[in-house]
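Shown next, in structure tokens, is the structure this report addresses.
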Amino acid sequence: MAALPASASELHASQICLAIRAIPRGATRSYAAVARAAGIPGRARLVARVLARTDQIVPWHRVVRADGRIAFPTDSAHFVEQIEKLRSEGVVLKNGKVVRSNSLDARLWG
DNA sequence: AGAATGACAGGAA
DNA sequence: GTTCCTGCCATTC
């Protein structure tokens, strides 16, 4: 039995978590793309809020900003951690930004 | 109730 | 190509 959502946002949070888990290994998606996959286009900031609050196990490191940049400050521990995980999955990073040259992934971004 | 904040995005300079 | 400013939405003070 699913728990009763205390608010509409928590219902979306579930969808957001699923959308993030659906990201293939070695691929990255923008917050807007995740929001869109979750059925709430335009709520990119809501995705960020959910990631910051949820205690669910999700590949949060695969979610980056629209320009491919990491969402954390460069001096943050999270910043390094995210890069480490991405590189571990074969994601190529260029000057602190994610390089997306995969033809198939490029389509998924649209 | 009003103002400030945040793991963002898009357009302009 | 990068940097800065504004807009959006939900939560928090």
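On a predicted model such as this, the values are computed, not experimentally measured, just so you know. Chain identifiers are assigned alphabetically (A, B, ...) following the order of the sequence lines, protein sequences preceding nucleic acid strands; residue numbering begins at 1 within each chain.
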In whole angstrom, what separates [X]'s [atom1] from [N]'s [atom2]?
X: A/Leu51; N: C/dA10; atom1: CG; atom2: C1'; answer: 15 Å
X: A/Arg43; N: C/dC9; atom1: CZ; atom2: C1'; answer: 7 Å
X: A/Arg49; N: B/dA4; atom1: CZ; atom2: P; answer: 18 Å
X: A/Lys97; N: C/dT2; atom1: NZ; atom2: C1'; answer: 7 Å
X: A/Arg62; N: B/dA7; atom1: CZ; atom2: C1'; answer: 17 Å
X: A/Arg65; N: B/dG11; atom1: CZ; atom2: P; answer: 15 Å
X: A/Arg69; N: C/dG1; atom1: CZ; atom2: P; answer: 16 Å
X: A/His12; N: C/dT11; atom1: NE2; atom2: P; answer: 11 Å

Between A/Arg53 and A/Gly42, just flag the one whose closest nucleotide in DNA chain C comes earlier from the 5' side.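 Nearer the 5' end of the strand: A/Gly42.
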
DNA chain C: A/Asn95 or A/Leu46, which has the more 5' nearest nucleotide?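 Here A/Asn95 is the residue nearer the 5' end.
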
Hey, quick one: are A/Leu18 and A/Ile40 part of the same hydrophobic cluster, counting side-chain heavy atoms closer than 4.5 Å, chains of contacts allowed?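 They do not share one cluster, since no chain of ILVMFWY contacts under 4.5 Å joins A/Leu18 to A/Ile40.
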
Once you round to the nearest 0.5 Å, how far does CG of A/Leu46 lie from CD1 of A/Ile16?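 It comes to 4.0 Å.
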
Criterion salt bridge (charged side-chain N to carboxylate O under 4.0 Å, His left out) on A/Lys85 and A/Glu89, from CA distance to verdict: CA-CA 6 Å; A/Lys85 295 191 178 207; A/Glu89 295 187 353; over 6 Å; no

Over all strands shown, is A/Ala52 touching base, sugar-phosphate only, or nothing at heavy-atom distances under 4.0 angstrom?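 Contact class for A/Ala52: base.
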
Flag, side chain of A/Asp67 to backbone of A/Arg69, donor-acceptor distance under 3.5 Å: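 Checking the backbone N and O of A/Arg69 against the side chain of A/Asp67, a donor-acceptor pair under 3.5 Å is found.
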
Flag, side chain of A/Arg43 to backbone of A/Pro41, donor-acceptor distance under 3.5 Å: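 Answer holds: yes.
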
Answer whether the closest heavy-atom distance between the side chains of A/Tyr31 and A/Val63 falls below 4.5 Å.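 Result yes, sub-4.5 Å side-chain heavy-atom pair found.
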
With the side chain of A/Ala32 defined as its heavy atoms from C-beta on, choose the nearest nucleotide among B/dA9, C/dT2, C/dC9.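 Looking only at heavy atoms from C-beta outward on A/Ala32, the closest nucleotide is B/dA9.
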
With sequence neighbours excluded, what pairs up with A/Arg49 under the side chain to side chain donor-acceptor pair (under 3.5 Å) test?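 Expected list: none.
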
What I want to check is whether an N or O donor and acceptor connect the side chain of A/Tyr31 with the base of B/dA7 at under 3.5 Å.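 Checked by distance alone, the answer is yes.
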
Any A/Arg45 side-chain N or O less than 4.0 Å from OP1/OP2 of C/dC8: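 Looking at the OP1 and OP2 atoms of C/dC8, neither is under 4.0 Å from any side-chain N or O of A/Arg45.
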
Going by heavy atoms closer than 4.0 Å, what residues in residues 70-92 of chain A are next to DNA chain B?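 DNA chain B contact set from residues 70-92 of chain A: A/Ala71, A/Phe72.
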
